[in-house]
Amino acid sequence: MTVFEKLLNCKTHHKAGYFVLIDPDKTPEESLPKFLESAVEAKIDAFLIGGSLLLTPDFDAYLKIFKKHSADCPVIIFPGGVHQISAQADAILFLSLLSGRNSHHIIGSQVIASPIIHRLQLEAISTAYLLVESGRATSAEFMSGTIPLPRHKPEIAAAHALAAKYMGFKLIYLEGGSGADHSVPEEMIYTVSKTVDTPLIVGGGIRTPEEAAKKVAAGASFIVTGNILEQNNDINLLKSFASAIHQS
Ligand code: 1GP
């Protein structure tokens, strides 16, 4: 079974799937084993690994720690750039920043990354990445030099989602950005999920299990949390998020 099939499979048991994002620059190697084991115990559905920058010297070595402590939970790279590719992961989100108009982030870096991914035989899961306005400028917005989708214009997000569907993307990621002041509005999630049947990942600025549950009720297929668990390495919080998102 491919990683993508595994992700879809978790939707047959649960209302939505739960991904935990780990930024190597924010979670030091020494605290990783305990955190991974807690997340596995909380029954999360996948680990996403990546960040806007990569100050951590050895991405491969960092990912190797997952092999020992992530049980059979998929380990998926969520790359901040072509410098974040490794054979130590199970798959990579092959992102295209469709909300922007910067061709380097739509197709340029993908052309550079593709031969590397091919050589490493890494599963690439094509994902349309849509940045959504969320208060202060986020790292993703600044680093990509793109304007996010206006948060009060769900119809613009829906048109981008339709374009993503027609272009054949397997997943759509509605992204408020790491540490966003405001998470992606439910109205936008609802409109996009009613417009396309492509599975929808929602992340950025989700701070409570109740907030996560609202995104699921609005139509999210997968929820991502990052910062909140970096600040609170707490098994009970992980379990509360998992149960609010799974709802089964
Ligand atoms: C960022 O969607 C992820 O790319 C997660 O965001 O860190 O704000 O939870 P947070």
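All ligand and atom numbering here is 1-based and tracks the order in the structure. Everything quoted here is computed from the prediction, not taken from an experiment.
Ring orientation note: the planes of Phe78 and Tyr129 are nearly perpendicular, at an angle over 60° on the 30°/60° scale. Ring planes of Phe66 and Phe47: perpendicular class, angle over 60° (limits at 30 and 60°). Using cut-offs of 30° and 60° for the angle between ring planes, the Phe19 and Phe222 rings count as parallel.
Of all atoms in ligand 1, listed by their number and element, those nearer than 4.0 Å to a heavy atom of Gly179 are 7 (O), 8 (O), 10 (P). Less than 4.0 angstrom separates some heavy atom of Thr225 from each of these atoms of ligand 1: 9 (O). Of all atoms in ligand 1, numbered sequentially from 1 with element shown, those under 4.0 Å from a heavy atom of Gly204 are 2 (O), 3 (C), 5 (C), 6 (O), 8 (O). Near Asn227, meaning under 4.0 Å from any of its heavy atoms, are these atoms of ligand 1: 7 (O), 8 (O), 9 (O), 10 (P). Near Phe78, the atoms of ligand 1 lying under 4.0 angstrom from a non-hydrogen atom of the residue are 4 (O).
The part of Tyr173 lying near ligand 1 is the side chain, judged by heavy-atom distances below 4.0 Å. Residue contacts with ligand 1 for Leu21 involve side-chain atoms from C-beta outward but no N, CA, C or O (heavy atoms, distance under 4.0 Å).
Taking distance alone, with nitrogen or oxygen atoms compared against 3.5 Å, Gly226 approaches ligand 1 more closely than that limit.
When every heavy atom of Ile106 is checked against every heavy atom of Ser96, the shortest pair comes out as O-OG, 2.8 Å. Closest approach of Lys11 and Ala16 over heavy atoms only: CD-CA, 4.0 Å.
Contact between Ile228 and ligand 1 is absent, with no heavy atom of the residue lying under 4.0 Å from the ligand.
A continuous path of hydrophobic side-chain contacts links Ile228 to Ile49 [ILVMFWY only; heavy atoms under 4.5 Å].
Here the heavy atom of the protein found nearest to atom 1 (C) of ligand 1 is Glu175 OE2, 3.3 Å.
Here the options are Val3, Leu122, Leu120, the test is side chain to side chain contact (heavy atoms under 4.5 Å, CB included), and the partner is Ile92; only Leu122 passes.
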